[in-house]
There are 2 protein chains.
Amino acid sequence: MANKSYAQYCGIAAALDRVGDRWTLLILRELTFGEQRFTDLRSALPGIASNLLTERLRDLEADGLVEQRELPAPAARTVYALTASGRRINPVLRALAQFGLPYLGDPGDRKVRPRQAIFGGLAALLDPEAARGVDLRVRFELDGEELWLEVRDGRLARPDRTARADLVVAGAANALVELYRGADPASLGDRLEITGTRAARKAFREIFPAPDLSIAG
Amino acid sequence: MANKSYAQYCGIAAALDRVGDRWTLLILRELTFGEQRFTDLRSALPGIASNLLTERLRDLEADGLVEQRELPAPAARTVYALTASGRRINPVLRALAQFGLPYLGDPGDRKVRPRQAIFGGLAALLDPEAARGVDLRVRFELDGEELWLEVRDGRLARPDRTARADLVVAGAANALVELYRGADPASLGDRLEITGTRAARKAFREIFPAPDLSIAG
DNA sequence: CGGGATCCGTTACGATACTG
DNA sequence: CAGTATCGTAACGGATCCCG
């Protein structure tokens with residue numbers, strides 16, 4: 001790895017020796033959404049130097065968390081993907097996302113919004129207790145972009161886009177964010193439209209509960 | 001903060017802006033065990049420069065995660081402690097500890113062993129599902145040091161040292177570590193002695209299950 | 001002795017330019 | 001598209017010194 005090891009006999013230190021370097025956890029975040037090309041990662045991580053991205057990917061490969069895959073011709077190109085070991089980082093990302101949520105300001109500011117931020121943010125909110133045994137397919141149409149999210153038997157699953165969605169959330173991504181930051185649903189006007197049975201809407205609210213934001217310093 | 005912000009509208013990035021700097025999460029780890037003096041932190045974090053520790057503590061104070069407290073006379077001295085917001089980092093530390101566990105090598109090597117590593121490691125292993133509703137008080141006597149661990153209604157609690165322990169684990173800390181790394185209990189000989197009712201021993205094994213280490217790269 | 005501050009050599013990072 | 005090369009700057013690590 002790039003940085004020196006903490007050299008402590010402690011799981012947290014051992015974890016940070018692998019994923020504690022700057023940018024590393026954000027690279028892993030991107031890869032949890034699926035295979036990514038070098039350029040995909042670069043554009044999702046504005047500000048990272050290309051040599052640094054190379055170095056981080058090599059480190060992650062050396063630790064067995066990420067692997068290169070060669071896609072078949074014609075467009076033969078290499079992509080990066082998480083290995084089985086790499087997917088074990090998911091609970092860490094979820095815990096970080098929950099910790100960081102109160103610190104997100106208004107969605108209007110100048111910050112980069114990663115394309116999958118909505119999806120990733122919701123995934124972090126999933127309450128395993130409330131989701132126990134639940135199946136729910138949601139289609140998002142936010143700012144003209146379509147995203148699917150599927151809960152199967154209480155866990156997030158690769159969405160089946162051929163099936164019918166139980167719930168459709170369409171409109172402005174910012175409106176969804178504001179809703180989760182405690183805005184009055186009525187104040188959103190027609191910027192967000194949620195379509196589905198009453199039961200599906202209820203399930204969604206329970207599985208992805210709005211967090212308590214009162215804690216932020 | 002010392003490092004530049006990622007400036008992304010994402011909970012993970014926001015979290016890393018606060019706790020992603022080198023040493024920061026290990027400082028928070030130490031503080032989860034209770035108030036610590038500057039010198040306590042320094043000795044628990046071998047290799048950290050004193051100015052860096054100062055800077056990190058100031059950053060954490062500015063973010064409202066840590067606060068200074070003045071202990072009363074005679075030995076008037078300042079200690080650092082987590083605030084309510086700071087205690088929200090706990091799930092992150094647990095997730096990291098679980099992720100990092102397979103990467104811990106044999107306990108015999110030269111690495112620094114933080115005094116509370118055993119306690120912290122076990123706390124990370126607690127299975128909330130298995131612990132549901134369980135009460136269990138454990139006293140450790142490892143390498144001559146006494147540690148208490150109390151599970152109350154399925155959650156870790158400040159141990160009540162006046163009450164009677166349901167389980168006593170006495171002997172070499174290394175033996176306990178080896179046990180959790182898959183060693184045959186019989187091979188430990190008399191290096192570890194576990195005393196308690198059959199029910200208490202069973203509860204301990206279920207609440208703190210040995211992790212699957214087969215995943216390590 | 002606890003709680004830092006200062007200084008300085010080394011390393012990692014960030015920006016830009018360049019290449020197969 | 002997927003990196004490599006170069007280089008100035010910022011952060012880190014180690015040592016030393018200071019003050020109550």
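Every heavy atom of this structure was used, including side-chain atoms; hydrogens, water molecules and symmetry mates were not. Convention: sequence-line order gives letters A, B, ...; per-chain numbering from 1.
The phosphate of C:dG4 has OP1 or OP2 within less than 4.0 Å of a side-chain N or O from B:Y80. The phosphate of D:dG3 (OP1 or OP2) has no side-chain N or O of A:T54 nearer than 4.0 angstrom. Contact annotation: B:R56 does not reach the phosphate of D:dA11 (side-chain N/O to OP1 or OP2, under 4.0 Å).
Here B:F204 pairs with B:F208 under the ring pair (Phe, Tyr, Trp, His ring centres under 6.0 Å) rule; sequence neighbours left out. Shown here are the ring pair (Phe, Tyr, Trp, His ring centres under 6.0 Å) partners of A:Y80, two or more places apart in sequence or in another chain: there are none. Among residues two or more places apart in sequence or in another chain, the side-chain contact (heavy atoms from CB on, under 4.5 Å) test is passed with A:E178 by A:P107, A:N174, A:A183, A:L188, A:R191. Every residue meeting the side-chain contact (heavy atoms from CB on, under 4.5 Å) condition with A:A157, not counting sequence neighbours, appears here in chain and number order: A:R152. Considering only residues two or more places apart in sequence or on other chains, A:R37 meets the salt bridge (Lys or Arg N to Asp or Glu O under 4.0 Å) condition with A:D40. For A:Y180, there are no ring pair (Phe, Tyr, Trp, His ring centres under 6.0 Å) partners at least two apart in sequence or on another chain.
Between its two ends, the helix from C:dC1-D:dG20 to C:dG20-D:dC1 turns its axis by 30°, counting five pairs per end and rounding to 10 degrees.
Looking at the side chain of B:T39, the nearest of the listed nucleotides C:dC13, C:dG3, C:dG4 is C:dG3.
A donor-acceptor contact shorter than 3.5 Å links the side chain of B:R22 to the backbone of A:K4.
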Identify all side-chain donor-acceptor contacts of residues 140-150 of chain B below 3.5 Å with residues at least two apart in sequence or on another chain.
{"from": "B:E141", "atom 1": "OE2", "to": "B:R139", "atom 2": "NE", "distance (Å)": "2.8"}
{"from": "B:E141", "atom 1": "OE2", "to": "B:R139", "atom 2": "NH2", "distance (Å)": "3.0"}
{"from": "B:D143", "atom 1": "OD1", "to": "B:A173", "atom 2": "N", "distance (Å)": "3.1"}
{"from": "B:E145", "atom 1": "OE2", "to": "B:R115", "atom 2": "NE", "distance (Å)": "3.1"}
{"from": "B:E146", "atom 1": "OE2", "to": "B:W148", "atom 2": "NE1", "distance (Å)": "2.8"}
{"from": "B:E150", "atom 1": "OE1", "to": "B:D160", "atom 2": "N", "distance (Å)": "2.8"}
{"from": "B:E150", "atom 1": "OE2", "to": "B:R137", "atom 2": "NH1", "distance (Å)": "3.3"}

**OP:** For each nucleotide in nucleotides 14-20 of chain C, reading 5' to 3', give B when a protein heavy atom comes within less than 4.0 Å of its base, S when such contact involves only the sugar-phosphate, and - otherwise.
**Re:** BB-B---

